[in-house]
Amino acid sequence: MPYICSITYPPYPSVPLIRLIFIWTLLLLSQAPNAQVNYRSLWIESNALETTTQHLVKQLSISYGREIELQEMYHRLSPIGTHYTFEVRFAGLGIYGAEVKINLLNNGRSSITYPELDLNQVTASDSRSITQPQMVGYDEVLKSRLTWTLVAGELRQAQVYKAMRGIEVVEVVADLEGEILSERLLNRHAKPDSTVAVNIFLPDPVTSSMTEYGYPLEDNNDQNSTELAAAMITDSIAVRWDSTLVAWTLQSNYARASDLSFPFGEPPTSADGPFGFNRSDSAFEFVNAYYHLNRQHRHVESIGFGSVAAYAIPFDAHGTEDDQSSFLPTGDSTGVLIFGDGGIDDAEDADVIVHEYGHAFVHSMAPETSIGDERLAIEEGVCDFFALCYSRTESDFGYDRLFNWDGNTDDWHGRTIGSSYTYPSDLDDYADGKYDIYKSSLIWSSALSDVYDLVGRTVSERLLLTSLYSYYSYMTMTDAARLLLEADSLLYDGAHLEDIRVAFCYRGLQDGCQDTLLSNRPVGQPYVAGLEDFAYHGGALRLFANGFTITHLQLYQLNGRIMWDEEISDSEITPLFRELHLPVESSGLYILRITTTEGDFRIKILRNR
């Protein structure tokens, strides 16, 4: 494999294109012929691809002594620009290992990396009969191509084969006589993934300690402390070997630690395996974010959505000095994650990490549809809900407050799900001239939290993820509610429709239910769901208080005999739906008496077993 060196020239001042051509010519013609493919780099004050490539082809042809072509191999988008890779071609064939990289940056400048070659001694008609090499030890040849390659200081034609060897994919270069010149392992890592121990917050110090933010459990100027060390847990993550770096790296099928933006700092690597950093080390936030990204994707995969955001998403745990994290879409269904260091480092809080990753899910499932104020508010509510589900699985402590750790600065106090907001009156009204998508989002995230209370994490997330595929621009929250109900009809044959409609009605998201907390309730009394499941399968009933304060519950037989009696404490915090496991074994009709501060209500219940 040719050794590749890179020399970066300092940025040039803005100059006319004719002067750029002159600079290129001096740089390119000054290169001495070399027996290996070396690379050089330069900067130019232009980001027009067509103009750049046209003049680069001309100047490279002068330097190489023969006419060449550049053929685009691929391009990728990043937060800083567009990055193109071209293959250098001569006489109809590509030159093995000779590529031109053009980075068109968002600041209007470009960097170019190009190979140094001498083609004066190459005979373009240098083609002979090809002898298949003896591929001993290889299981299968996948494909081959004819190229130019560097052999003993000069370019000669050769065959490049891609072959299987066990679970490895190997690139083999052979001359036309069949002699193998080199081979290169194409696996993304040269060792099996390894599992290493890490220190992480799960999900954050406040939740795991079941206490409020404040001394001694506080940011501590980004340093470790006895209390923060106690709030950490030790778990394990899979890391990947990078044969180029000769080290283990934070990379998996789902996430890849990267240095994407200022302040620049390389992600941690380890030559011998340990990644057990504490909070005083800037590597801790990389490990913490990597852990939660992998864990969230594995969960989504486990409930049937492994194809969602199915790529190693690049993330920068220290991507900005601001107290702001973001998902940046870089392709039709791909993107990158940037976590902020302002205030409390965002990558220390699983709520922030999972929330931002939720945007990657939406972009993967319904790309280019995040248009419209209410549509943006819906998406914020979706991502908040993913964060709530993730943290609530670990602890119910403060689960309705998001960003329990990060949201403790003078300017940022997190968000609370489960508010009394209803649709549409609590949508932001542009009072300050701007639409607050975060305020409006609380209607949708609170409605989804109510659904969680009814059906649990797995069902509620499966319904939401399924509905996301149908999202579109300028959606309303009633549209989002309709799509989720449609998902229940498709996934579960409508098994949860009754309960979910009541929850959505409570938030004003069904026809006739607008602003249920602000006007006359369309459901005029406490409501009991699950009657059919109770009657025929012995399932639990679900009591919807509908705003009434319930003080007493009793179950009667028709002859007046009390079978069950329960008082409800004034201090008891009740969920939107209360599960009732009634001690009924015999078939027949029963009466459930619901005593509230506003009167008594009686509901007939059938048991048929």
Side-chain angles (χ1 to χ4, degrees), residues 392 396-397 399-400 418 420 422 446-447 449-460 463 485 488-489 492-510 512-513 516-517 519-609:
R392 190 172 180 181
D396 274 339
F397 178 82
Y399 76 86
D400 57 341
S420 60
T422 58
S446 297
S449 178
D450 295 341
V451 174
Y452 180 112
D453 288 338
L454 292 171
V455 300
R457 179 184 184 183
T458 298
V459 173
S460 58
L463 293 175
L485 290 167
D488 188 71
S489 296
Y492 297 104
D493 198 25
H496 312 100
L497 289 178
E498 181 183 34
D499 295 354
I500 296 172
R501 284 194 181 109
V502 172
F504 283 166
C505 180
Y506 182 70
R507 297 291 173 184
L509 298 173
Q510 296 284 278
C513 297
T516 55
L517 300 184
S519 60
N520 292 330
R521 301 181 182 92
V523 180
Q525 65 181 49
Y527 177 87
V528 175
L531 293 171
E532 182 178 355
D533 186 40
F534 174 83
Y536 295 100
H537 306 290
L541 296 176
R542 289 174 293 282
L543 172 62
F544 172 52
N546 196 23
F548 292 88
T549 300
I550 298 175
T551 61
H552 209 127
L553 296 173
Q554 292 174 307
L555 183 69
Y556 291 87
Q557 290 180 324
L558 291 182
N559 61 11
R561 177 174 173 263
I562 297 178
M563 300 185 62
W564 177 71
D565 191 309
E566 181 179 342
E567 289 189 9
I568 308 299
S569 170
D570 291 340
S571 62
E572 184 176 347
I573 300 175
T574 59
L576 182 66
F577 276 74
R578 172 189 290 274
E579 282 198 358
L580 304 180
H581 298 274
L582 302 181
V584 177
E585 298 297 335
S586 303
S587 297
L589 279 174
Y590 300 86
I591 302 296
L592 177 65
R593 180 182 178 182
I594 304 169
T595 302
T596 76
T597 55
E598 300 178 43
D600 290 355
F601 300 91
R602 290 173 173 81
I603 297 174
K604 292 181 180 180
I605 297 173
L606 172 67
R607 186 58 171 266
N608 186 13
R609 294 188 70 186

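All values below were derived from every heavy atom in this structure, side-chain atoms included, with hydrogens, water molecules and symmetry-related copies excluded. Owing to the predicted nature of the structure, the values given are computational and were not obtained by experimental measurement.
Across Asp488 and Ala495, no two heavy atoms sit closer than the pair OD2-N, 3.3 Å. Between Ala540 and His581, the shortest heavy-atom contact is CB-CE1, 3.4 Å. Of all heavy-atom pairs between His552 and Glu566, the closest is CD2-O, 3.4 Å.
Contact check for Ile550 versus Arg578: no side-chain heavy atoms found under the 4.5 Å cut-off. Using a 4.5 Å heavy-atom cutoff, the side chains of Tyr492 and Val455 are not in contact. No side-chain heavy atom of His496 sits less than 4.5 Å from a side-chain heavy atom of Leu454. For the pair Leu582 and Ile605, the minimum side-chain heavy-atom distance is below 4.5 Å.
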Practice task
Please assess Trp564 against Leu580 for the test side chain to side chain contact (heavy atoms under 4.5 Å, CB included), listing each intermediate value before the final yes or no.
Solution key: CA-CA 11 Å; Trp564 177 71; Leu580 304 180; 4.1 Å; yes
Exercise for the section: Start with the C-alpha distance between Lys604 and Ile591, add both sets of side-chain angles, then the distance that settles side chain to side chain contact (heavy atoms under 4.5 Å, CB included), and finish with yes or no. Expected result: CA-CA 5 Å; Lys604 292 181 180 180; Ile591 302 296; 3.7 Å; yes
Evaluate the side chain to side chain contact (heavy atoms under 4.5 Å, CB included) criterion for residues Asp450 and Arg507: first the C-alpha distance (whole Å), next the side-chain angles of each, then the deciding distance (0.1 Å), finally the verdict.
-> CA-CA 9 Å; Asp450 295 341; Arg507 297 291 173 184; 2.9 Å; yes
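To the nearest 0.5 Å, the span separating CD on Gln557 from CG on Leu589 amounts to 11.5 Å. Here the straight-line distance linking atom CG of Leu485 with atom CZ of Phe504 works out to 5.5 Å at 0.5 Å rounding. With rounding to the nearest 0.5 Å, the separation of CD1 in Ile603 from CD1 in Ile594 is 4.0 Å. Summarising the geometry, atom CZ belonging to Phe544 is positioned 6.0 Å from atom OH belonging to Tyr506; distances are rounded to the nearest 0.5 Å. Between Arg602 atom CZ and Thr595 atom OG1 the span is 7.5 Å, to the nearest 0.5 Å. In this structure, CG on Leu592 lies 7.0 Å from CG on Leu543, to the nearest 0.5 angstrom.
Under the 6.0 Å distance and 45° angle rule, Arg607 counts as a cation-pi partner of Phe534.
In terms of the salt bridge (charged side-chain N to carboxylate O under 4.0 Å, His left out) criterion, residue partners of Asp600 (sequence neighbours excluded) are, by chain and number, Arg593.
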